[in-house]
Number of protein chains: 2
Amino acid sequence: MQTEPMPAEQMQAEQMRAEQVQAEQVAAFRRFNRYFTRRIGALDDHYLGQGRPLGEARLLFEVADAETGVSLRTLRARLGLDAGYLSRMAKALEAQGMVRISVHPDDNRLRMVELTPAGHVELKEQNRRADVRTADLLTGLDGRQRTELTEAMATARRLLRLAAITVERVDGAAPDARACLEAYAADLTARFGSFTASDLVGPEEVSGATGAFFVAYEEGRAVGCGGLRTLEPGVGELKHVWVHPGARRLGLARRLLEHLERAAAERGLNLLRLDTNASLTEARAMYRACGYREIPAYVDHVYADHWFEKRLPPATPLR
Amino acid sequence: MQTEPMPAEQMQAEQMRAEQVQAEQVAAFRRFNRYFTRRIGALDDHYLGQGRPLGEARLLFEVADAETGVSLRTLRARLGLDAGYLSRMAKALEAQGMVRISVHPDDNRLRMVELTPAGHVELKEQNRRADVRTADLLTGLDGRQRTELTEAMATARRLLRLAAITVERVDGAAPDARACLEAYAADLTARFGSFTASDLVGPEEVSGATGAFFVAYEEGRAVGCGGLRTLEPGVGELKHVWVHPGARRLGLARRLLEHLERAAAERGLNLLRLDTNASLTEARAMYRACGYREIPAYVDHVYADHWFEKRLPPATPLR
DNA sequence: ATAGTTCTTTGACTTTAGTCAAAGGTTCTG
DNA sequence: CAGAACCTTTGACTAAAGTCAAAGAACTAT
């Protein structure tokens, strides 16, 4: 089947319609945005800051979020604050008995901040109050509407997160890449026991003209990865496609696949293979949905018991 | 069919499950809330305040929102600001040439604020930039995901608005009630020409032991109303159920009906009637969905051509 | 007409938020 | 081991945000 070139007028009409949709979507997004930040966000800030400057309250929440201690350095990056400003706020919280500040055991330059028991109590109380406020707000709706609302919010959050995640090509030996691969290895070890870090492909295989390695970032954190290497001329293999547990069910693996496939096409590969395990049912469904079909074993691994391949269309230039 | 009294243990289990659901919904709500205000809200504030204090920028937006002039008094209520603070900010915007401040024609105490042409230009530019930022954010998603996201947001906004609307019983002669009825009359006049304000029921009919009048409020604004009067012993009539155009499709009319029906039951009425017009197809569908069934004409109005009634169950005490 | 209310303005603050640069330890790198 | 790079603290600021109370002008109800 061949695609006919489209008449100019029709194409223009289509594009205009696409822009129209886009404009309407942008407007809907911003409508929500304004409504939500004004109504809910403002309210939240108001209550969050009860008895404490908003900045300090936010800092306290960020410290609590980390569960274990966080360095001032990390907090600075996450909250985007000035070093001096942060230093003073942390001290204020320490003076209030909410946090404990200590020196990092391995690096004496770093200060670690963690909640004191009193801080935990305070946070718990704040959370309780916020829960009550939220529940109050929800009582204006019946059960079905509540369900609908929370589902819509979950959907929106999922897609907003996905939209904010970027996938970047990095060297297979880069710290972020290694961190992902180690997490991936730990995952497999926990699941299959027999997996060891030596089963990972080397950085040199997933770089240069015959391979590639991608890392997905969410707000600066590496939350997923995937590698491509060449098995034989024209045939590539996907390795170590992994997504951080906290970033699953967003559709991120699919995005990683898209990048890997594009890289493969750019390298002149027209066939991609991969192996996976029966226990990863979702992964298998995802591969199938993305056009991969099951094939007999092309390689042997301790954990692999399903093999897939996909024929790639000829490379298309980046729009 | 008779409802069996539920065994105590089962009831408790049910209640616990309900609370469980509720807790999960509250948690989902708050998760979204935190994510959204942190990611989008903060970003928005950052850009909103470019070249101008955030407070002034917000004020400018609020003035623009009103389209026609707004009084400082209203702005104060909407933004929750101190009178002195607001007075100064308004002056600052005036000095920048963004707004014009004048005295209210009917009340010399009030100051009216409205955008100057320069203010309109400025706002337009700000909006354009915000649109670009939003579009950028959306490019991280494919067309289907974008649609899904904007639909989820529209749903969430609709339900949040509905949750925030309160319905209150007020005197039929109260200013808010009159304002709603006038808007209602204007609606009908625009549609049918022949409707006049004298076709409205009098305040005395929708009050006391034989009637009731309800007004729906959204953030302090009256956005809907509905009246109940007694036609004959045991038979009531719903009159002037109306929802502000900007608050339609939220499910508000249904809420008004619930209040009216409860009031009717409390007054010992067991049959409710109402009339409506064929052109109000949505209203008719809503009445049907709420258990009203079509009956022959029980009264004659210039605009009425459909009549409904509903038999009420015996009064149940407020939970 | 008069007393009480309402709305805005003004002056005189305080607190919060945020910036900048110098300086003092620490750690990394060649 | 010397110098560069890092991380935090401190001092010295500025700008924005917000509060309070007094006072004046305008309206409303009696």
Given [options], the nucleotide with the shortest approach to the side chain of [X]:
X: A:L72; options: C:dT9, D:dT9, D:dG11; answer: D:dT9
X: B:L110; options: C:dA17, C:dT8, D:dC20; answer: C:dT8
X: B:P53; options: D:dA26, D:dT8, D:dA17; answer: D:dA17
X: A:Y85; options: D:dT19, C:dA17, D:dT8; answer: C:dA17
X: A:K91; options: D:dT9, C:dT9, C:dT5; answer: D:dT9
X: A:D107; options: C:dT9, D:dT10, C:dT26; answer: C:dT26

Do the ring planes of [X] and [Y] sit parallel (below 30°), tilted (30 to 60°) or perpendicular (above 60°)?
X: B:Y184; Y: B:H240; answer: tilted
X: A:H244; Y: A:W242; answer: perpendicular
X: A:H259; Y: A:F214; answer: tilted

Whole angstrom value for the distance that separates [atom2] of [N] from [atom1] of [X]:
X: A:L75; N: D:dT8; atom1: CG; atom2: C1'; value: 13 Å
X: B:M89; N: C:dT9; atom1: CE; atom2: P; value: 13 Å
X: A:H104; N: D:dC7; atom1: NE2; atom2: P; value: 12 Å
X: B:H46; N: C:dA17; atom1: NE2; atom2: C1'; value: 15 Å
X: A:R52; N: D:dG18; atom1: CZ; atom2: P; value: 19 Å
X: A:L81; N: C:dT16; atom1: CG; atom2: P; value: 16 Å
X: A:R76; N: C:dG18; atom1: CZ; atom2: P; value: 15 Å
X: A:L86; N: D:dT10; atom1: CG; atom2: C1'; value: 14 Å

Which part of the nucleic acid, if any, lies within reach of [X] when heavy atoms closer than 4.0 Å are counted: base, sugar-phosphate only, or nothing?
X: B:L54; answer: sugar-phosphate
X: B:D82; answer: base
X: B:G84; answer: base

Q) Under 6.0 Å from the six-membered ring centre of A:Y47 and within 45° of its axis: does the NZ or CZ of A:R129 meet both? A)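 Because its charged atom misses either the 6.0 Å distance or the 45° angle limit, A:R129 does not stack over A:Y47.
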Tell me, yes or no, whether the heavy-atom count around A:E125 atom CD, taken from other residues, nucleotides or ligands under 6.0 Å, exceeds 12.
yes
Does [X] put a side-chain nitrogen or oxygen below 4.0 Å from OP1 or OP2 of [N]?
X: B:R109; N: D:dG24; value: no
X: B:R58; N: D:dA17; value: no
X: A:N108; N: D:dC7; value: no
X: A:R73; N: D:dC7; value: yes

*Determine, for A:R111 against A:E94, whether the closest basic-nitrogen to carboxylate-oxygen distance falls under 4.0 angstrom.*
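Result for this pair is no, no salt bridge flagged.
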By nearest nucleotide on DNA chain C, pick out whichever of A:D106 and A:G80 is the more 5' one.
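This one resolves to A:G80.
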Determine whether any donor atom in the side chain of B:R88 lies under 3.5 Å from an acceptor atom in the base of C:dG11, or the reverse, and answer yes or no.
yes
